[in-house]
Number of protein chains: 2
Amino acid sequence: MTQSREEDRRGRSAAAAIVDAAFRLFHEFGYDETSVDDIAAAAGVSRSSFFRLFGSKEMVIFPEHDAILAAVEERLAASTQKSAILAVSDAVRVVLFHYIAEGPHARRRYQLTSTVPALRERELISGARYQQLFRQYISAWGDGSEESERRAELMAAAVVASHNHVLRRWLREECEDPHLEIDEAMAQVNALFAPDPVAAPRAIVVVRTDQDLDAVAEQLRSL
Amino acid sequence: MTQSREEDRRGRSAAAAIVDAAFRLFHEFGYDETSVDDIAAAAGVSRSSFFRLFGSKEMVIFPEHDAILAAVEERLAASTQKSAILAVSDAVRVVLFHYIAEGPHARRRYQLTSTVPALRERELISGARYQQLFRQYISAWGDGSEESERRAELMAAAVVASHNHVLRRWLREECEDPHLEIDEAMAQVNALFAPDPVAAPRAIVVVRTDQDLDAVAEQLRSL
DNA sequence: CAATGGATGATACTCAGTTTCATGACGGAG
DNA sequence: CTCCGTCATGAAACTGAGTATCATCCATTG
């Protein structure tokens, strides 16, 4: 199962060497100007090994994406309708803190995704995958009505957008305490989309609004 | 400026012939199994002309995207802070009704984007471009505060998600009246994100919530 | 020592996309 | 009518990503 000490070490260092070489070359010469052959040569592996390990040139930048997605799904799958909002918030935190744990590497990646359209697009697709996953689970927790589906769609979008906002702030070093900010952001989303509790405690909430009464009524119906 | 009758006709029919041939071949043999050479040959043009007219294989599916994006931007640019929400709603309608006006062709495209990962990804990227555009304008209408930025991000995501929801329902023919549904969806978004009016009419809104009082307090502060 | 299996590397191939150059049709100017 | 500039088209060569195949090497196992 686990291979010999020697092979294991080499396997890991090969992947690490490729990532290091790729980021170095991308930084020095640019993404488009760096070919896979260049990376493989600089990392001391064959072109074949590059594609065997990473599948594509873009995936050198996001190698752990599938693992994070799986972790998110695991968290979501381990929850029920009752703990739905908590599950989503937790899952978002899983993603955010994964990036934060990467530290400077995440910022180097951001520097690339900010400047290389192809990588920015790849990142957007990753985000959409999270959103799709969230939507799917939130939708399953609902009652299947059109209303519920629409809410699931909006909530998934809001959750991902909030996450991206906090993550981007952290990547730009505009963010003092990402824990605090993600808590606030999730609280904001939860507040917006809090479901109708069947027998929950009630409160009188007074807010100012510029909506006319009909719009307010419709909004309330949609809660 | 306008070319001769002959060239004009041929130019337009070339693009149309390519699109027709592409959709036909994609449907018959699949997207990945159809090469650009196949399409060009079937359309009776050269490979060169294909790339000159469409730029990439994927763009045969979304040739009008740039034009729609420009139309959206035009609508957004023509508005001020006062008419912001209206502008966003209008811009979303521009997009939705463009697709609806395509009729069966939009549904053929949907059939492709639903089954071909590369095309689905391209579509996601297009959606993200709209979202980015909305975010940019909504953000500019705000006061530049962190709060305002976060709201812009969420609102753009919600607007695009709502649009996508209605569009997808229409594409699946689950939607009786897209005009009505987009109006409802935009009303829902507007209601969620209605800005804090400085001197707006006020109302007492009573909602049930499962939040404890501290969470409610924080939610209210974040409005 | 021999056999097996998994990881690696070399090579050739397909195809998307770019670049360059030739051609040919058209319209205007003499 | 002819010459000329322009623009659309086509032809061909090239780069580079990604795939498939096969040979090789090395560590474990019997």
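Here is the naming used below: chain letters follow the sequence lines, and residue numbers restart at 1 for every chain. Remember, it's a predicted structure, so these values are computed and weren't measured experimentally.
Residue-level contact check: A/S49 touches the backbone only, with heavy atoms under 4.0 Å from sugar-phosphate atoms and none from bases.
With hydrogens and angles left out, the side chain of B/R52 and the base of D/dG10 share a donor-acceptor pair within 3.5 Å.
Atom CG of B/D37 is separated from atom C1' of C/dT18 by 14 Å (rounded to the nearest Å). Taking atom CZ of residue A/R122 and atom C1' of nucleotide D/dG18, one finds them 13 Å apart after rounding to whole Å. Rounded to whole Å, the distance from NZ on A/K57 to P on D/dG18 is 8 Å. In this structure, the CZ atom of B/F50 is 14 Å from the C1' atom of C/dT18, given to the nearest Å. For B/D38 and C/dA16, the CG to C1' distance is 13 Å, given to the nearest whole Å. In this structure, CG of A/L53 is placed 17 Å from P of D/dA17, rounded to the nearest angstrom. Atom P of nucleotide C/dT8 and atom CD1 of A/I18 are separated by 9 Å, given to the nearest angstrom. When rounded to the nearest whole Å, the span between CD of B/E58 and P of C/dG17 equals 7 Å.
Comment: A/K57 does not engage A/D32 in a salt bridge, judged by the lack of any side-chain N to carboxylate O separation of less than 4.0 angstrom. Of the charged side-chain nitrogens involved, at least one lies within less than 4.0 Å of a carboxylate oxygen, so that A/E146 and B/R169 count as a salt-bridged pair. At a threshold of 4.0 Å, the pair A/E153-B/R168 counts as salt-bridged, since one of the basic side-chain nitrogens sits closer than that to a carboxylate oxygen.
If you check the side chains of A/R172 and A/Y110, you find a donor sitting under 3.5 Å from an acceptor. A donor and an acceptor atom, one from each side chain of B/E123 and B/H65, are nowhere located under 3.5 Å apart.
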Give every donor-acceptor pair under 3.5 Å between a side-chain atom in residues 92-100 of chain A and any protein atom, sequence neighbours left out.
from	atom 1	to	atom 2	distance (Å)
A/R93	NE	A/S89	O	3.4
A/R93	NH1	A/D183	OD1	2.1

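A heavy atom closer than 4.0 Å to some atom of DNA chain D occurs in A/T34, A/S35, A/V36, these being the qualifying members of residues 25-36 of chain A.
Of the candidates D/dG18, D/dA11, C/dT11, D/dG18 carries the atom nearest the A/S56 side chain, counting heavy atoms from C-beta on. Which of C/dT18, D/dA11, D/dA17 sits closest to the side chain of B/R47 comes down to C/dT18. Distances from the side chain of B/F51 to the nucleotides D/dG18, C/dA16, D/dT9 place C/dA16 closest.
Side-chain N/O atoms of A/S46 include none lying less than 4.0 angstrom from OP1 or OP2 on C/dA10.
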* Asked: Checking side chain to side chain contact (heavy atoms under 4.5 Å, CB included) for the pair A/Q136/A/L76: CA distance, chi angles, key distance, verdict?
  -> CA-CA 10 Å; A/Q136 182 180 320; A/L76 291 175; over 6 Å; no
